[in-house]
Amino acid sequence: MSDQFKISLPDGSVREMPLGSTPADVAAAIGPGLAKAALAARVDGELVDLSRPFTADAQLALVTSRDEADALDLARHDFAHVLAEAVQALFPGTQITFGPSTDDGFYYDFAPKDRQLTEDDLPAIEAEMRKIIAADKPLRREVWSREQLISRWQQQGESFKAEWAAELPGDEDLTVYWSGEDWLDMCRGPHLPSTGKLDPAAFKLTRVSGAYWRGDQANAMLSRIYGTGWLNKKQLAEHLTRLEEAGKRDHRKLGAEMDLFHLQQEAHGSVFWHPNGFKIWRELEAYMRRAIDAAGYREVKTPQVMDARQWEQSGHWGKYRENMFVIPDEVPNTEDDGPVISGEADWMALKPMNCPAHVLIFRQGIKSYRDLPLRLYENGCCHRNEPHGALHGLMRVRQFTQDDAHIFCREDQIVEEARAFCALADRIYQDFGFTYAVKLALRPDQRFGSEADWDKAEAELREAVVRAGMATDEYGWEELPGEGAFYAPKLEWHLTDAIGRTWQVGTLQSDRVLPERLDASYIGEDGARHRPVMLHRAIFGSYERFIGILIEHFAGKLPVWLAPVQAVVATIVSDADDYARDVVRQLEAAGIRVEADLRNEKINYKVREHSLKKVPHLLVLGKREAEEGTVALRSMDVEHQKVMPLAEAIAMLKAQATPPDVRATI
RNA sequence: GCCGCUUUAGCUCAGUCGGUAGAGCACAUCAUUCGUAAUGAUGGGGUCACAGGUUCGAAUCCUGUAAGCGGCACCA
């Protein structure tokens, strides 16, 4: 064996390095600039510390801040360690547990000694972190035996770390990283060479929250500190600006500003839709009805409340009851001092989903194989008693209306029905301007049914997406092991909004369990009874959530066809009032949602107010327009107004107010 | 459900050491008729989330409840 390693560099050159040398030595040999800029190394593709000695001939690429993804991840991971060190310095006795990097920063979970950490503690912790960074403490890797490390954690009272060390899989030795000579954490690494490589102005601690140890609510509640971390101050500032912009498009804030809806304590988790908000709803409902009518669905409406025995039979009473609203089937006692209910009545429940009711419709009469596929659609209003901490504006509510349909079909129709659904969903998401990813959630650990059934069900959905031409990177095609429902695999549609966030809305699940439980059957060509397969599917998911997503996606500036108020006619002087009333009448006749603003206010004031309410078009009328029969059209996000004859403005608004699916057929 | 924070006028918020509440916007009235993001004046409006407690006295301190916010867990 030679006493030199051959180290190949990305430019193709090869350097001979003596035994015991490290990537840092290579960087130094190339030049002092690189030695200073190097943050870590990729050796044969694996990200390692600069100080990790070579063990064989290797391909080496030095990582600098130009390799942004690697550099960010290293920096964030180091910020997490510095955070942990700072917290232990300020709050002795606090146990450290676990702290990874995240998409925009890092967090670390602590088991506090006396009290939970709060946001008031963050400035002091940030200051302490900056001290540790300024001290430029070297980060040094050491390999310890498992026993040695466990006993050190136990000695230091770090019970969480000791538990973790004992349970880490495999029987290799464990690695620790020293920060200087006085603090260490168990970590696989790699890390930057020293804390001084971090930019003290490129991070900010953002919030404190609770988090369960190892993500299990049976375990202790820890204090989690979140931070955002970057390579430099500019990146941090840009990120903070992005957060601010995201906050501005928060649907809860815009919902109030645009007078769309409100929520209040007395009906928490259920939405009060105001006239403006419900105009969006109605437009979506009309859109969806056109879509499902054209796609061969039939719309139904089913009861809000059903007997508990029905829910027992469907399996919901046993498995889902904690999320259901149950109702006693009796006339309540009206005596002032008596109990309201007897406690002896039978139970009913508000429907948490529509599927059983649709099966009950299917079961009416005898179905022939010729009746299939039978596609039953409902704007189904459901109630679920969600955990209170989960409620969030329109996105997670207790009463919601699904665009829900169930396709009852024969085994041989599954793939084609699923394919057709992929095409339908694609057209609809495009109409709203969303891009999306299609994913297949595969069998979970806890599940019903045989392996053969799962093999088949997964293959059918996969085949449907392939036939739709969507099992490609372009459609974000991905399979998610273990993510399916307990009774079936499911296809999921994840929308990407204007600022890059994703929302799961659409779904398609093939279900053989519920038809069995509720005894749905049809007569086949052979004269025998067969079980239909039930495809559960939704495109909006729920109207509430979809409207929330639309508001955030468009930052309130909805396309004209969805805007609650499509145009405001605003006068400059009262001499134009009669003309304005006539303009409003003509716009209304053309089907435009228009309002008049004849108030005795300056035009500046009116412009400002309607702009804040995100009205897409403002028709400004003064003496001149009244005399000439024109309008001065000021449109959102268009710099200059345009004066045009009224007829021209009406034609233009009418075109814009036409829903995209209707436009396509004109 | 769990951890932390919050709750004062319709909205956004201020309120010091415990001494019975204040601004801007909105609303009403009056004046103003004005050319593209806030015209001026005047006025009305509050059981300080709710329920207890401490105190001579509570928006303020303590306890409980509820809702909201940020996370966690949940989302068959």
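In what follows, every chain begins at residue 1, and chains take the letters A, B, ... in the order their sequences are listed. Just the heavy atoms: all of them, side chains too, but no hydrogens, waters or symmetry mates, feed the values below.
Taking atom P in both B:A28 and B:A21, the straight-line distance is 27 Å, to the nearest Å. Annotation: B:C72 and B:U36 have their P atoms spaced 49 Å apart (nearest Å). Rounded to whole Å, the separation between the C1' atoms of B:A49 and B:U8 comes to 10 Å. Nucleotides B:U29 and B:A67 are separated by 37 Å at their C1' atoms, to the nearest Å. Comparing the same atom, P, in B:U55 and in B:C62 gives a spacing of 16 Å after rounding to whole Å. For B:G15 and B:A73, the C1' atoms lie 38 Å apart once the distance is rounded to whole Å. Between B:G35 and B:C48, the two C1' atoms lie 46 Å apart (nearest whole Å). Separation of the C1' atoms belonging to B:U6 and B:A26 is 24 Å when rounded to the nearest angstrom.
The nucleotide B:U20 finds no pairing partner, because no Watson-Crick or G-U wobble arrangement with both distances shorter than 3.5 Å includes it. Searching all strands for a Watson-Crick or G-U wobble partner of B:G45 with both distances below 3.5 Å returns nothing. The partner of B:G64 is B:C50, judged by Watson-Crick or G-U wobble contacts that both fall below 3.5 Å. Pair check for B:U39 finds B:A31; Watson-Crick or G-U wobble, both atom distances under 3.5 Å. Pair check for B:G4 finds B:C69; Watson-Crick or G-U wobble, both atom distances under 3.5 Å. B:U55 is unpaired under the criterion used here, namely a Watson-Crick or G-U wobble arrangement in which both key atom distances are under 3.5 Å. Partner assigned to B:C25 is B:G10, using Watson-Crick or G-U wobble distances below 3.5 angstrom.
A:Ser611 comes within 4.0 angstrom of a nucleotide base, judged by non-hydrogen atoms across all strands. Residue-level contact check: A:Gln264 touches neither bases nor backbone, having no heavy atom under 4.0 Å from any strand. Within the nucleic acid shown, A:Tyr107 has no heavy atom closer than 4.0 Å to any nucleic acid atom. Using a 4.0 Å heavy-atom cutoff across all strands shown, A:Ala632 reaches at least one base atom of the nucleic acid. Within 4.0 Å (heavy atoms only), A:Gln116 reaches sugar-phosphate atoms of the nucleic acid but no base atom. In this structure, A:Gly315 reaches neither bases nor backbone, as no heavy-atom distance under 4.0 Å exists between it and the strands shown. Using a 4.0 Å heavy-atom cutoff across all strands shown, A:Ile603 reaches sugar-phosphate atoms only and no base atom. A:Ala390 comes within contact range of at least one nucleobase, with a heavy-atom separation under 4.0 Å. If you check every strand for non-hydrogen atoms under 4.0 Å, A:Lys623 touches a base.
A:Arg396 has its CZ atom 14 Å from the P atom of B:G71, to the nearest Å. Atom NE2 in A:His262 sits roughly 13 Å away from atom P in B:U12 (whole-Å rounding). As rounded to whole Å, 18 Å separates atom P of B:C75 from atom CZ of A:Arg398. Atom pair A:Trp213:CH2 and B:C72:C1' shows a separation of 15 Å (rounding to whole Å applied). Atom OH in A:Tyr212 sits roughly 8 Å away from atom C1' in B:C3 (whole-Å rounding). Here the P atom of nucleotide B:A37 and the CZ atom of A:Arg608 are 10 Å apart, to the nearest Å. Atom CZ in A:Phe110 sits about 19 Å away from atom P in B:G71, given to the nearest Å. B:C2 atom P lies 14 Å from atom CG of A:Leu391, rounded to whole Å.
Taking the ring centre of A:Tyr107 as origin, the terminal cationic atom of A:Arg224 falls inside the region bounded by 6.0 Å and 45° from the ring axis. A cation-pi contact, defined as under 6.0 Å to the ring centre and within 45° of the axis, links A:Arg207 to A:Tyr226. Both the sub-6.0 Å distance and the 45° axial angle are satisfied by A:Arg76 relative to the ring of A:Trp230.
Ion pairing of A:Arg599 with A:Glu609 is present here, as a side-chain N (NZ or NE/NH1/NH2) and a carboxylate O approach within less than 4.0 Å. A salt bridge between A:Asp455 and A:Arg443 is present, with a side-chain N of the basic residue lying under 4.0 Å from a carboxylate O of the acidic one. Of the charged side-chain nitrogens involved, none lies within less than 4.0 Å of a carboxylate oxygen, so that A:Glu627 and A:Lys623 do not count as a salt-bridged pair.
In A:Asp216, the CG atom is crowded: over 12 heavy atoms of neighbouring residues, nucleotides or ligands sit closer than 6.0 Å.
For B:C69, the base has no donor-acceptor partner in the side chain of A:Arg207 [N/O atoms by modelled type, under 3.5 angstrom]. With hydrogens and angles ignored, a donor-acceptor pair closer than 3.5 Å exists between the side chain of A:Glu625 and the base of B:G35.
At B:C69, none of the side-chain N or O atoms of A:His392 fall inside 4.0 Å of OP1 or OP2 (strictly under the cut-off). Contact annotation: A:Arg252 side-chain N/O to B:G70 OP1/OP2 distance is under 4.0 Å. A close approach under 4.0 Å does not occur between any side-chain nitrogen or oxygen of A:His610 and OP1 or OP2 of B:U36. OP1 or OP2 of B:A26 has at least one side-chain nitrogen or oxygen of A:Tyr605 nearer than 4.0 Å.
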For the pair A:Gln509 and A:Glu492, evaluate side chain to side chain donor-acceptor pair (under 3.5 Å) and give the outcome as yes or no after the intermediate values. CA-CA 9 Å; A:Gln509 303 161 24; A:Glu492 300 175 348; over 6 Å; no
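Counting only distance, with no hydrogens or angles, the side chain of A:Asp403 and the backbone of A:Gly541 share a donor-acceptor pair below 3.5 Å.
In this structure B:C17 sits in the syn conformation; its chi angle is within 90° of 0.
Closest to the A:Arg224 side chain, of the nucleotides B:C72, B:C74, B:G4, is B:C72. Candidate nucleotides B:G1, B:G4, B:C34 were compared by shortest atom distance to the side chain of A:Lys602, and B:C34 ranks first.
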